[in-house]
Protein chains: 2
Amino acid sequence: MGVVRKTKSVMTVLNTFEQTGKAVSAVALVEHLQDSMNKTTVYRILDRLEDQGTLHSFMGKDGLKWYAKCDGCSSTHHIDSHPHFQCRGCGKTECLSMDVTIPPIPKHKVDFAELLLIGLCETCS
Amino acid sequence: MGVVRKTKSVMTVLNTFEQTGKAVSAVALVEHLQDSMNKTTVYRILDRLEDQGTLHSFMGKDGLKWYAKCDGCSSTHHIDSHPHFQCRGCGKTECLSMDVTIPPIPKHKVDFAELLLIGLCETCS
DNA sequence: TTACTTTTGCAATTCAGTTGCATTAAGAAA
DNA sequence: TTTCTTAATGCAACTGAATTGCAAAAGTAA
Ligand SMILES: [Mn+2]
Ligand SMILES: [Mn+2]
Ligand SMILES: [Zn+2]
Ligand SMILES: [Zn+2]
């Protein structure tokens, strides 16, 4: 993966995640940072941060890609495997710190699971 | 929803699902049926069949939309709530007939869950 | 500073999925 | 069967997320 540089743009992206503490869609991040960096840059930084184990990603119900901070991952060891909740009212999406136990499936090797819960958040219900 | 017509195109789409017995991505279906009907028609038929409870859909890891036959659903009552397995080798995707129990999440109203398992199928492992 | 390599901006491109509208064809009624 | 209504289709244009190629800019080690 080569050397990783801590550029201004990378720091800006990381700050956004620190501040919100929530999951953010790539699209929303591009929109939010449109005055400070290029769209392509955002996508590439997200890619890199995920490779490094700083962020993890998952697909939302609508097909958009979401990102959130990892907790204890590295480039060689991604341990995030928690469900995500997406509110169908306001769209807010969050990491859930609960364990999902996947029963083994005969003749299948399961690498990981993606569990997305759809519903209404407290504000929207 | 109005009257639903059993057109030639609808029958062709349904036959494809009967024959394969597997989940099919919209993209793959469009490709598969490119000589018999228009892309837009495929997407619209899939929409309608899902509304009617004939098919159900889910998002694959890659962001593509997949469809598979329902078993015992109607337009007013979709009871499909099973996990899906997507092979990262060959891309084959299938419905799993197992139950997923979602523990309640405080202050959240969960409507339904989408569980996607990623791994290797028997052929690919 | 220099030299090397990563990162960025920009414009063009890809690709899944949607939309508007004119035309076709189910299928109920006559 | 023929007529009539309206759902369904084809086609072309469009949308929007994400990617790509390439030249220019900016980290970083020496
Ligand atoms: Mn998460
Ligand atoms: Mn299924
Ligand atoms: Zn909400
Ligand atoms: Zn496979």
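Order of the sequence lines fixes the chain letters, A, B, ..., with proteins taken first and strands second; residue numbering starts at 1 for each chain. Note that the structure is a prediction, hence the values are computed from the model and not measured. Note that these values count all heavy atoms, side chains included, but never hydrogens, waters or copies made by symmetry.
- Contact between the side-chain N/O atoms of Y43(B) and the OP1/OP2 oxygens of dG17(C) is found at a separation under 4.0 Å.
- L115(B) and I118(A) are assigned to two separate hydrophobic clusters, defined by single-linkage of ILVMFWY side chains at heavy-atom distances under 4.5 Å.
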Pair R44(A)-K39(A), side-chain contact (heavy atoms from CB on, under 4.5 Å): steps then yes or no
CA-CA 9 Å; R44(A) 289 196 276 224; K39(A) 164 171 89 162; over 6 Å; no
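- Considering only the side chain of R44(B), dT19(C) comes nearest among dA18(D), dT19(C), dG9(C).
- Following chains of ILVMFWY side-chain contacts shorter than 4.5 Å, one cannot reach L120(B) starting from V110(A), and the two form parts of different hydrophobic clusters.
- Remark: P of dC14(D) and NZ of K39(B) are 14 Å apart, rounded to the nearest angstrom.
- To the nearest angstrom, P of dA26(C) lies 12 Å from CD1 of I45(B).
- Going from atom CG of N38(B) over to atom P of dA25(C) covers 14 Å, rounded to whole Å.
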Distance-only donor-acceptor pairs under 3.5 Å for side chains of residues 66-73 of chain B, two or more places apart:
from   : atom 1 : to     : atom 2 : distance (Å)
K69(B) : NZ     : E18(B) : OE2    : 2.9

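- Taking the C1' atoms of five terminal pairs at each end of the helix from dT1(C)-dA30(D) to dA30(C)-dT1(D), the two resulting helix axes are inclined by 30°, rounded to 10°.
- Contact between the side-chain N/O atoms of S9(B) and the OP1/OP2 oxygens of dT9(D) is found at a separation under 4.0 Å.
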Before you tell me yes or no, could you show the steps for F58(A) and T93(A) under side-chain contact (heavy atoms from CB on, under 4.5 Å), namely the whole-Å CA-CA distance, both residues' side-chain angles and the distance that decides it to 0.1 Å?
CA-CA 11 Å; F58(A) 56 95; T93(A) 303; 3.6 Å; yes
Show which side-chain atoms of residues 94-108 of chain A pair as donor or acceptor with protein atoms under 3.5 Å away, not counting sequence neighbours.
from    : atom 1 : to      : atom 2 : distance (Å)
E94(A)  : OE2    : H108(B) : NE2    : 2.8
H108(A) : ND1    : P106(A) : O      : 2.8
H108(A) : NE2    : E94(B)  : OE2    : 2.8

Got a list of protein N/O to nucleotides 24-28 of chain D N/O distances below 3.5 Å?
from    : atom 1 : to    : atom 2 : distance (Å)
dG27(D) : N2     : R5(A) : NH2    : 2.9
dG27(D) : N3     : R5(A) : NH1    : 3.3
dG27(D) : N3     : R5(A) : NH2    : 3.2
dT28(D) : OP1    : K6(A) : N      : 3.4

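- In this structure, H82(A) places its NE2 atom where more than 12 heavy-atom neighbours from other residues, nucleotides or ligands lie under 6.0 Å away.
- Hydrophobic clustering, with ILVMFWY side chains joined whenever heavy atoms are under 4.5 angstrom apart, keeps L116(B) apart from L64(B).
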Acceptor/donor pairs from residues 3-14 of chain B side chains to any protein atom, 3.5 angstrom cut, sequence neighbours excluded:
from   : atom 1 : to     : atom 2 : distance (Å)
T7(B)  : OG1    : V10(B) : N      : 3.2
T12(B) : OG1    : K8(B)  : O      : 2.9

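- Against DNA chain D, the stretch residues 60-69 of chain A makes heavy-atom approaches under 4.0 Å through L64(A), K65(A).
- Looking at E31(B), H32(B), M37(B) one by one, the single match for side-chain contact (heavy atoms from CB on, under 4.5 Å) with Q34(B) turns out to be E31(B).
- Comparing atom distances between the R48(A) side chain and each of dA17(D), dT7(C), dA8(D) picks out dT7(C) as nearest.
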